[in-house]
Amino acid sequence: MIYSKESGPFALIIFGGSGDLSYQKIYPALYDIAEKGHLPEDYAIIATGRKYTQEEFYNFFEHSLTSDNRHHKHSVENAIFKSLEKHMYFYQGDNTDPNFYTGLSKYLDKLVKEGLPCGNRLFYAGVPQSLYQTVFANIKKSRLNKSPCGWARVVIEKPIGEDEASAKKLDKIITSTFTEDQIFRLDHYLGKETLENVLVFRFKNNIFEPMLNGNNLDHIQITSSEDFSIAKRGKFYNATGALKDVGQNHILQMLAIATMEQPKDDSDEAMIGERIKLVKSLTANPKDIVYGQYAAGVVHGKDAIAYRQEASVPKDSQTDTFFAMKVNVNNERFKNVPVYIRAGKQMAMWLTEISYVFKGKDPYRNVLTIRVQPNEGIAVKLFTKKPGLEIKVEPTYMQFCYKHYFPGEAFDAYEKLVQDVFAGRHTFFNISKEVEAQWRFIDSLSKNRTPTRFYKAGSWGPKEAFALIEKDGRKWLEPYPAFCQI
Ligand code: BG6
């Protein structure tokens, strides 16, 4: 069943409809859904914000589809664009003003009078969390959270809060307006095909799973490097830093999916329960975390400025744009398998991968790598005899590539997750207990913070990050250059 189509008419109300999240993620996802014919006949997308008139908004929306988006290389078909645009409205106003909500409620009634069948109501909270108190209280006060003829649901985005205590506070705010089954806490990494496939790869193939444990594995590595800067997000980013921007959420999700036990069934409780159990089992020595910040350098041949020179960043900022850490998974299966993680901005290349490194005498260690992006796929490093008279052993790779088996079938995380919201499916969303467990782990590290080290833009991070793994007699893996380059 295509829920976004078959669950009937809806109004999608986007708070922050002129913001970066809408531009980068929500509008492209809506276009993809429309392109596949997965929208019902009657629906309205009401973007709200202060900035735009209706006309300006249409330009913004169109531009969001044609902008240079790493995950969305769109060719925009005019007919699809026009059909979507016909259902899109911009409701201009200041969401800190209570009148905005009474006005919005009237606006929805007006759309119904003009022919939009009354139906489900989905709110997308794409605004800074400092506004949640105002926004949610007003949604409740104006009874917008009650759809007269269908369900009402809300999507909120990571990171929720900045530590466990603030996450709990935010949760109180949200749950006083919406019930748990109405709330969808979105971390888009949970919607990435390549990560969801890790579960299928591990639990539906009997070859590898029995080997993924301390008897066979030496360690695990997770790399999430980006070859771009913080762009115009200085204000948000400087208050957040890499560990909280991606560590508390995307990285911990990847780690959970890579190491959790098989859920006993497909239910939300079982799946989410195993993820939480795993996060709760994590420990790390705060000394085993390196924070980094990019200095000026060269990325892919182009000069790049230092983080401290970026707009809205103080010249003496200590904020981390990189971190590397060693984590222990304290369960039976992985208790002797350390996990080394590194993530950052303005690094040598764009790469997200999880690698299981098997025991063996260096350099003869087999590696199973799950490439989350780009050139998505799975590869196993094998040692092979080079053809010839002598026995010469060379590293080679056996690989599965999405591009090969599923050409043209890219499926964006937001496209999937938005449809999960329509289906009322929580499996790949967080519950508050999961978010709190993630924060508890991160908070335990943040308390005894090591100093921020500097690395050149375009490099693989500060030298201390190399020392972190090398002191254990191990090395960061070199990315395999030909990975799914087909
Ligand atoms: C976002 C972070 O949640 O995820 C960004 O705020 C980061 O800083 C982005 O760049 C990465 O997502 P993706 O899907 O591009 O890997």
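Both counts, for ligands and for their atoms, begin at 1 and track the order of listing.
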Smallest separation among heavy atoms of Ile289 and Thr450, with atom names: O-OG1, 2.8 Å

Aromatic contact, [X] with [Y] (centres under 6.0 Å):
| X | Y | value |
| --- | --- | --- |
| Phe81 | Tyr31 | no |
| Tyr397 | Tyr480 | yes |
| Phe322 | Tyr455 | yes |

With atoms numbered from 1 as shown, which atoms in ligand 1 lie under 4.0 angstrom from a non-hydrogen atom of [X]?
| X | result |
| --- | --- |
| Gln373 | 13 (P), 16 (O) |
| His250 | 1 (C), 3 (O), 4 (O) |
| Lys345 | 5 (C), 7 (C), 8 (O), 10 (O) |
| Asp245 | 2 (C), 5 (C), 6 (O), 8 (O) |
| Lys192 | 13 (P), 14 (O), 16 (O) |

Residues in ring-ring contact (aromatic ring centres under 6.0 Å, His included) contact with Phe208, at least two apart in sequence or another chain: Phe201

Sub-3.5 Å N/O-N/O distance, Lys158 and ligand 1: yes

N/O separation below 3.5 Å, Trp350 to ligand 1: no

Cut-off 3.5 Å, no hydrogens considered: what does the side-chain donor-acceptor table look like for residues 125-136, sequence neighbours left out?
residue : atom : partner : partner atom : Å
Gln129  : OE1  : Gly161  : N            : 2.8
Gln129  : NE2  : Glu157  : O            : 3.3
Gln129  : NE2  : Pro159  : O            : 2.5

